[in-house]
Amino acid sequence: KDDTFHVAYAFRTHEAYELELPKYDIQSAKKLHYRQWEITENVGQAQADNNVDLLKERDELLSQNMQLTVKIENLKIKAETNELMILENNETIEILKKKIAMLKQREI
């Protein structure tokens, strides 16, 4: 609004969003108190009255992000390994099918 970014609602989890958002509408959003978003030099600096809690939450989110990044990398490696195993198995199956076909022709 007026070249300013405003946040109407923020939810900690997607489940909270799904549960709470239906309770709100445009009229209730208009009644809320808004503050202009401020970006500071130190992005980690909290923009609220309770800096300690916000910084703690930020640190927890950063930690979760790092853990998820590691999990994603591990899953990528497993997926690549699994795809390689599938390709190798498919090659083995094709070789066995050819051998079976060859043996069947010998029987005739």
Side-chain angles (χ1 to χ4, degrees):
K1 177 181 177 183
D2 302 325
D3 293 328
T4 303
F5 179 73
H6 296 272
V7 175
Y9 307 104
F11 301 94
R12 291 182 64 125
T13 65
H14 186 73
E15 292 80 15
Y17 156 80
E18 288 179 334
L19 182 66
E20 295 294 321
L21 193 61
K23 298 177 184 176
Y24 301 99
D25 59 15
I26 293 173
Q27 293 305 317
S28 64
K30 288 179 180 179
K31 295 176 186 175
L32 294 175
H33 171 73
Y34 292 94
R35 245 173 64 174
Q36 183 173 347
W37 181 267
E38 296 174 17
I39 298 176
T40 63
E41 291 284 328
N42 178 7
V43 176
Q45 182 177 346
Q47 299 291 322
D49 296 337
N50 194 342
N51 288 346
V52 174
D53 287 343
L54 289 174
L55 290 172
K56 180 181 175 187
E57 184 177 347
R58 181 211 56 192
D59 291 344
E60 289 171 2
L61 291 171
L62 288 172
S63 174
Q64 290 173 6
N65 184 45
M66 288 185 344
Q67 291 171 5
L68 290 173
T69 301
V70 169
K71 283 184 181 181
I72 289 169
E73 289 305 314
N74 289 337
L75 288 173
K76 283 180 183 177
I77 292 168
K78 286 182 181 180
E80 289 170 4
T81 302
N82 192 31
E83 287 173 13
L84 180 60
M85 287 174 35
I86 289 170
L87 288 173
E88 289 171 348
N89 287 342
N90 287 343
E91 288 176 12
T92 304
I93 290 169
E94 288 303 313
I95 291 169
L96 290 173
K97 283 182 181 178
K98 287 178 184 176
K99 285 184 180 180
I100 291 169
M102 203 169 62
L103 290 172
K104 283 184 179 178
Q105 283 184 349
R106 283 188 189 172
E107 289 177 358
I108 299 175

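Small disclaimer: the values here were computed from a predicted structure and weren't measured.
- Going from atom NZ of Lys97 over to atom CD of Glu94 covers 5.0 Å, rounded to the nearest 0.5 Å.
- A distance of 12.0 Å separates CE in Met85 from NZ in Lys78, rounded to the nearest 0.5 Å.
- Looking only at atom types and distance, the side chain of Thr92 has no donor-acceptor partner in the side chain of Asn89 under 3.5 Å away.
- Between the CG atom in Asp25 and the NZ atom in Lys31 there is a gap of 8.0 Å [rounded to 0.5 Å].
- For the pair Thr81 (side chain) and Ile77 (backbone), a donor-acceptor distance under 3.5 Å is present.
- Placement of Tyr24 and Leu19 in two distinct hydrophobic clusters is found when ILVMFWY residues are connected by side-chain heavy-atom separations under 4.5 Å, directly or transitively.
- Rounding to the nearest 0.5 angstrom, the gap separating the CD1 atom in Ile95 from the CD1 atom in Ile100 is 12.0 Å.
- Rounding to the nearest 0.5 Å gives a distance of 11.5 Å between CG of Asn82 and CG of Leu75.
- Atom CG of residue Leu96 and atom CD of residue Glu91 lie 12.0 Å apart, to the nearest 0.5 angstrom.
- Proximity of Leu84 to Glu80: side-chain heavy atoms (C-beta onward) are nowhere separated by under 4.5 Å.
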